[in-house]
Amino acid sequence: MSTFALVDGNSFYASCERVFRPDLAGRPIIVLSNNDGCVVARSAEAKALGIPAFLPFYQVQQLCRKHRVTVFSSNYALYGDMSRRMMNVLSRFAPVQEIYSIDECFLDVTGITDLDSHGHRIRQAVWQGLGIPTCVGMGSSKTLAKLANHVAKKRPEWNGVFEWDWLNPREADRLLAEFAVGEVWGIGRRIAEKLTLMNIHSALDLKQADPRHIKRKFNVVVERTVAELNGVACLALEDVAPAKQQIISSRSFSRLVRDLPSLSASISHHVARAAEKLRAQGCAAGLIGVSIRTNPFRDLGQYHGYTCVPLVHPSADTLLLNQAAQAALRAIWRKEFSYHKAGVILMDIGPATRQQQDMFSPLPDPKRSRLMAAIDKLNRDFGSGTIKLGAEGLTEDWRMKQEKKSPCYTTRVGDIVQLR
DNA sequence: TCTGGGGTCCTAGGACCC
DNA sequence: TCTGGGGTCCTAGGACCC
């Protein structure tokens, strides 16, 4: 039987900020989403103040001021780099690692005899190497490892490491009964509501539910969750990330945008970002979609324009993709609306080597793929945005709001911390 | 003064075709 | 007179995650 471990950074973004601001030890910290919109991370002290996650910032601004909470805009250059370092440290503790998100990964710890001390060594290594606190949860399925991680976080008596087999079956069930069904990985708000109506309230109730009944009422995904809660691993550890089937780049503007040139520049920017991700997974896209929308929270005329256009050949070429995207944008733009968000989506994604023969249209120029590779390398080596399309524009007043961003301590030379 | 994230996959339903 | 299947593709919206 396999054993999975889930390791994640506690309040990861807030912890990253604190690494470079030791003066904030023990102080409440929150980190905001793009555009300083919502609260996305809270230090333990901020959670204790009752600041909820994912609330718009302006709704908790008073509370933050009152308790002198330190507020940061999100600094993805910093978190991304800290994440790479953390994953690197964690990779030493298992033969197989699946990076699941920026702050968490699964490890295959099957066959390790002393899981307790292994878990504590993991925590210590990340703490010593990066100064980030972590928790480790272990179990015989990914879903149980996730839940074990939850236990490690919520119950200080376990010192940040928990494994289900340390309890006898009766004790384990008693603990499962203490978790609401909505806390189980894969069970969101809507499914939790439906389960509650079926008298399934806790993780234990779901574990003991009839899988066939669950499959009938929901789908195979929820059925799998039931099996996973029973210790039957249905979800394998994905050592290499599977190629994405769709790639989205989208963002809200810092202010409402009316004019076509600004929209056009932002679409060019999203095409460049999405195409870069596409090339990173060695793929080409056959379809590109463009979406522009008004602000649904405002009492103004509402409009969501969306269309997608097929490409003659599947492509990963930013310039070709951008031509298609700009045509799509012109087709959906209506001058009477003020726009709040724009984005592109790449679909019909397949390996870049896939090439259909077409008598009537010329094949793409091989020089262009070398150009794209050169652009990617420059942006990788010298920071993203080092080289970009002229079409992305030089006026950037619509770009996102980041009024409280910390320095890029680890990725920009001028921002390196200096000791005095 | 005003402020509300971003990304991925799944599914239901409609259109169309044989 | 009335009825009638099943597959594929596409899209919008739903659901989930962090």
Side-chain angles (χ1 to χ4, degrees), chain A residues 6 8-14 16 30-42 52-62 64 71 73-74 76 79-80 83 99-106 142-143 146 149-150 153 181-195 215 218-225 235 238 241-256 270 273-274 277-278 281 286-287 289-291 293-300 304-310 332 338 340-349 400-404:
Chain A
L6 181 85
D8 76 343
N10 302 346
S11 315
F12 186 69
Y13 297 169
C16 288
I30 62 170
V31 180
L32 306 179
S33 64
N34 286 318
N35 265 318
D36 294 346
C38 294
V39 177
V40 290
R42 305 158 295 155
F54 296 105
L55 217 62
F57 175 53
Y58 72 92
Q59 290 181 19
V60 294
Q61 205 162 11
Q62 288 292 349
C64 289
V71 181
S73 301
S74 41
Y76 284 102
Y79 314 146
S83 170
I99 296 173
Y100 176 69
S101 76
I102 192 163
D103 76 323
E104 60 191 302
C105 74
F106 288 101
K142 282 177 157 182
T143 304
K146 268 276 203 186
N149 179 278
H150 227 60
K153 274 222 166 72
V181 72
E183 293 180 87
V184 175
W185 188 39
I187 306 297
R189 191 172 51 88
R190 302 309 288 268
I191 291 175
E193 274 169 20
K194 253 179 103 174
L195 285 168
K215 187 183 176 181
F218 299 92
N219 53 47
V220 61
V221 180
V222 184
E223 183 195 23
R224 239 178 247 149
T225 301
L235 305 169
E238 312 258 18
K244 292 188 183 13
Q245 296 173 43
Q246 57 175 227
I247 292 171
I248 293 179
S249 172
S250 72
R251 189 131 299 170
S252 345
F253 300 123
S254 53
R255 58 166 177 85
L256 292 178
H270 290 305
R273 272 188 11 134
K277 288 192 222 173
L278 183 66
Q281 66 174 32
L287 269 174
V290 172
S291 152
R293 67 190 316 164
T294 52
N295 188 344
F297 297 107
R298 294 292 199 80
D299 197 14
L300 296 167
H304 183 191
Y306 171 75
T307 192
C308 68
V309 285
I332 56 174
S338 296
H340 162 72
K341 184 173 184 177
V344 306
I345 170 169
L346 301 178
M347 289 166 293
D348 186 20
I349 291 174
M400 67 173 158
K401 193 161 97 185
Q402 289 185 307
E403 289 176 347
K404 305 166 172 72

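These numbers were taken from a predicted model, which means no experiment stands behind them. Chain letters run A, B, ... following the sequence lines, proteins first and then strands; every chain starts at 1.
Among the protein residues, A:L55 comes within range of no part of the nucleic acid, since none of its heavy atoms lies under 4.0 Å from any strand. Residue contacts shown for A:Q245 are limited to sugar-phosphate atoms, with no base heavy atom under 4.0 Å away. Here A:S249 lies in heavy-atom contact (under 4.0 Å) with sugar-phosphate atoms only. Using a 4.0 Å heavy-atom criterion, one finds that A:K341 contacts the sugar-phosphate atoms exclusively.
Close to B:dG4, at under 4.0 Å from its OP1 or OP2, lies no side-chain N or O of A:S252.
Without hydrogens or angle criteria, A:E403 side chain to A:D36 main chain gives no donor-acceptor distance under 3.5 Å. Checking side-chain atoms of A:K341 against main-chain N and O of A:S291 turns up no donor-acceptor pair under 3.5 Å. A donor-acceptor contact shorter than 3.5 Å links the side chain of A:S83 to the backbone of A:I102. A donor-acceptor pair under 3.5 Å links the side-chain atoms of A:S11 to the main chain of A:R42, judged by distance alone.
The number of heavy-atom neighbours closer than 6.0 Å to NZ of A:K215, taken from other residues, nucleotides and ligands shown, is 12 or below.
Using cut-offs of 30° and 60° for the angle between ring planes, the A:F106 and A:W185 rings count as tilted. Taking the six-membered ring where the residue is Trp, A:H304 and A:Y306 present tilted rings, their angle falling between 30° and 60°.
If you measure from atom NZ of A:K401 to atom P of B:dG5, you get 11 Å, rounded to the nearest angstrom. The CZ-C1' distance, from A:F297 to B:dG4, rounds to 4 Å in whole Å.
Pairing each heavy atom of A:F253 with each of A:N35, the nearest pair is O-ND2, 3.7 Å.
For the atom pair CD1 (A:I248) and CE (A:M347), the distance works out to 8.5 Å, reported to the nearest 0.5 Å. Interatomic distance, A:H150 NE2 to A:D8 CG, rounded to the nearest 0.5 Å: 10.5 Å. Distance CG/A:D103 to SG/A:C16: 8.5 Å, rounded to 0.5 Å.
Toward the 5' end of DNA chain B, the nearer of the two residues A:G37 and A:F218, judged by each one's closest nucleotide, is A:G37. Along DNA chain B, the nucleotide nearest A:C38 and the nucleotide nearest A:N219 are compared for position; the residue whose nucleotide lies closer to the 5' end is A:C38.
To the nearest whole angstrom, the two P atoms, one in B:dC17 and one in C:dG4, are 22 Å apart.
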Enumerate all atom pairs, one protein N or O and one N or O from nucleotides 7-9 of chain C, separated by less than 3.5 Å.
none

*What is the per-nucleotide protein-contact pattern of nucleotides 11-18 of chain C, from the 5' end, where B denotes a base atom under 4.0 Å from a protein heavy atom, S denotes such proximity for sugar-phosphate atoms only, and - denotes neither?*
SS--SSSB
*Per-nucleotide pairing state of DNA chain B [Watson-Crick or G-U, under 3.5 Å; [ ] pseudoknot-crossing; | other strand]*: ....||||||||||||||
